[in-house]
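Structure record follows, encoded as C-alpha cells.
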Amino acid sequence: MSEVVIVGGGLAGAAAGALLARAGIRPVVLERESQPKDKICGEFLSVEAQAHLAAAGLDLEPLGGARIGGVRLAAGRRLVESPLPFPALGLTRRRLDEALLAHAAGEGASVERGVMVHSLGQGRLETSRGPVSAPTILLASGKHEVRGAKRAAEGTLKGMVGFKSYFRLSGAQRAALGGFVEVILFQGGYAGLQLVEGGVANLCLLARRSRFDAAGRTWPGLLRAVLDEPHLARRLADAEELSPRPLTISDVPYGFLHAAPDPPGLYRLGDQAAVIPSFSGDGMSIALHSARLAAQAVLGGAHARDYHARLRRDIAGPLRLATWLQRRAEGWPGRHAALAGLKVFPGTIARLAAWTRVPTPALTRAGLQTRRDHRSHHNEN
Ligand SMILES: Cc1cc2nc3c(=O)[nH]c(=O)nc-3n(C[C@H](O)[C@H](O)[C@H](O)COP(=O)(O)OP(=O)(O)OC[C@H]3O[C@@H](n4cnc5c(N)ncnc54)[C@H](O)[C@@H]3O)c2cc1C
C-alpha cells in the first residue's frame, strides 16, 4: 500500500488525492461507493469552493453548472432579495464528485471504488478487502463515522431531519428562480431552492424532528405542510418531482469543530473536521480548504495536530457565526423580525453571506510546523 491512504472519495478526499498526486505522492483513495451517486446537498458551489477546485486542477466549465448571482430570503409573505457578493454555481454532486474523483485518478492517485473502511487505528485500517497499513491516514468519510475515530459531537445542533429532491418547475417559475438561490424559512426549519445544470431545481430542506413528526413522519406529509409557505407553494405549483424518493439525513452535528486528540498520523478532512450549518453554503468550501491544508501538511511533513490547529484557526469564526444564526432563526418571531429588518437593509444579507465565508488565503507553509521544526524546537528546549 501507499504511504498515504485517504478514506472517502467525496470532495475532500478526492481533492486531497489530486493535490498529493500532482505533487508526486501516489495516495490510495478508498471509496465505498462503486458507482456515481446523488448526495444530500443544496449543491450551492460558492466562489471559494470554485477557487479551491481550480487550484486542484479541475476545470468546472465543461460541467455546465447554473450561474447564481443573487439570494432571496422568504418567510410568510415577506421576501427580501440581494445580489450575492460573489458569483456562485448550482452543480449536482453526482456530476461534481465524479469529475473530481476522475481528475484525482488522472493526476496519478490510485482510486479504489467499492471498498468500505470498517475501522481504523494508528497506521492501520480494516477494510472490506482486508487489513491495510499506512503511516498517514486522511479521514474524509464525510458524515459517516468510522469505528476507532468517532467524532466528539456533544453540544452541537443535532436534531434536524434533512431531505433533498429534484423538481422540474413550470417555465415561468424556472425563469423566476434562475440566477438566484432562495432560502425559505418556515416554522421549525428552512428550505433551499436553486437551479442546477440542465435547468432542474434542487429543493433541499431541513426540519426539526418535532416538525417532521407532526407532519406524519413522511416526506409527502412534510412537503404538504411546508407548502403553507406562499413562496414555496408558488415555485412548486405545477412542478413535477423527478426524484423517485428524496435523499434523507438526520442528526447532522451542525457546529461541530474537531478538537479531540487522535492517533498520530490521522488527518481529518471535510465534515470529519467541521460541520457548518447548511444555509451558509460553505460546507464544500471548508471540505476543499481542509483538503488543501492537509495535502500541504503531508507534503511538508507537518504534524496532524498542527494541521488541525491551523484549520480551526481558519474556520472557527465563520462556523461560530453560522451556528449562532441558525440558533436564532429557529425562533418563529425572530425569523419574521429578521426578515422585516433585512427588507429595510437588504445589503445586510450580502454582508452576512460574506461573513460566514471561509476566506481562501494563499495557503503557504506559515502556521504549519513540520516534524523537523518540532524536533529542532524540542532540541532547543
Ligand atoms: C442538507 C445539506 C445541505 C447542504 N448544502 C450545501 C450547499 O448547498 N453548499 C455547500 O457548500 N455545502 C452544503 N452542504 C455541506 C456539504 O455537503 C458537505 O460539507 C460536504 O459534502 C463535505 O464533503 P466531504 O468530502 O467531507 O464528505 P462527502 O462529500 O460526504 O464525502 C464522503 C465520502 O466518503 C465515502 N465514505 C463514507 N464512509 C466511508 C467508509 N467507511 N469507507 C470508504 N468510503 C466512505 C462516501 O461514500 C463519500 O463519497 C450541505 C449539507 C447538508 C447535510
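All values derive from a computational prediction rather than experimental measurement. Each ligand, and each atom within it, is numbered from 1 in the order the structure gives.
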Could you tell me whether some N/O pair between V117 and ligand 1 is separated by less than 3.5 angstrom? yes
Using a 3.5 Å cut-off on N or O atoms only, is E43 in polar contact with ligand 1? yes
Purely on distance, is any nitrogen or oxygen of G42 under 3.5 Å from one on ligand 1? yes
for atom 21 (O) of ligand 1, nearest protein heavy atom and its distance come out as R93 NH1, 2.9 Å
Would you call K150 and E145 a salt bridge, using N to O less than 4.0 angstrom? no
List the closest protein heavy-atom neighbour of atom 49 (O) of ligand 1: residue, atom name, distance to the nearest 0.1 Å. E31 OE1, 2.7 Å
When you compare ligand 1 with F44, is there at least one nitrogen or oxygen pair between them that comes in under 3.5 angstrom? yes
If you measure only the distance, is there a donor-acceptor pair under 3.5 Å linking the side chains of Y254 and S278? yes
Best match, A14, G10, G281, S285: closest heavy atom to atom 31 (O) of ligand 1: G10
Backbone or side chain, does any N or O of Y254 fall under 3.5 Å from an N or O of ligand 1? no
Which pairs with one or both residues in residues 179-201 pass salt bridge (Lys or Arg N to Asp or Glu O under 4.0 Å), sequence neighbours excluded? R72-E182, R95-E197, E182-R235
Strictly by salt bridge (Lys or Arg N to Asp or Glu O under 4.0 Å), give each pair with a member in residues 256-274 just once, sequence neighbours left out. D262-R268
V252, L157: one ILVMFWY side-chain cluster at the under-4.5 Å cut-off? yes
Do the rings of Y190 and F279 sit parallel, tilted or perpendicular, given the 30° and 60° boundaries? perpendicular
Part of F279 within contact of ligand 1 (heavy atoms, under 4.0 Å): neither
Using a strict threshold of under 4.0 Å (side-chain N to carboxylate O), is an ion pair present between D314 and R310? yes
Less than 3.5 Å between some nitrogen or oxygen of A12 and one of ligand 1, yes or no? yes
Could you identify the single nearest non-hydrogen protein atom to atom 19 (O) of ligand 1 and state the distance to 0.1 Å? D271 OD1, 2.8 Å
Among protein heavy atoms, which lies nearest atom 15 (C) of ligand 1, and at what distance? G283 CA, 3.9 Å
Consider every N or O of E33 and every N or O of ligand 1, then say whether any pair is closer than 3.5 Å. no
Does V275 have a non-hydrogen atom less than 4.0 Å from ligand 1? no
Kindly identify the option in A274, C204, G270 whose heavy atom sits closest to atom 1 (C) of ligand 1. C204
Identity of the nearest option to atom 45 (C) of ligand 1, non-hydrogen atoms only, from R147, K39, R32: R32
Options S141, G8, A287, ranked by nearest heavy atom to atom 37 (C) of ligand 1, top entry: S141
Regarding ligand 1, does S278 bring an N or O atom to under 3.5 Å of one of the ligand's N or O atoms? no
re atom 11 (O) of ligand 1, the protein heavy-atom contact at minimum distance is M284 N, 2.8 Å
Does C41 reach ligand 1, in the sense of a heavy atom lying below 4.0 Å from it? yes
Does S285 offer a backbone N or O that forms a donor-acceptor pair with the side chain of H289 under 3.5 Å? no
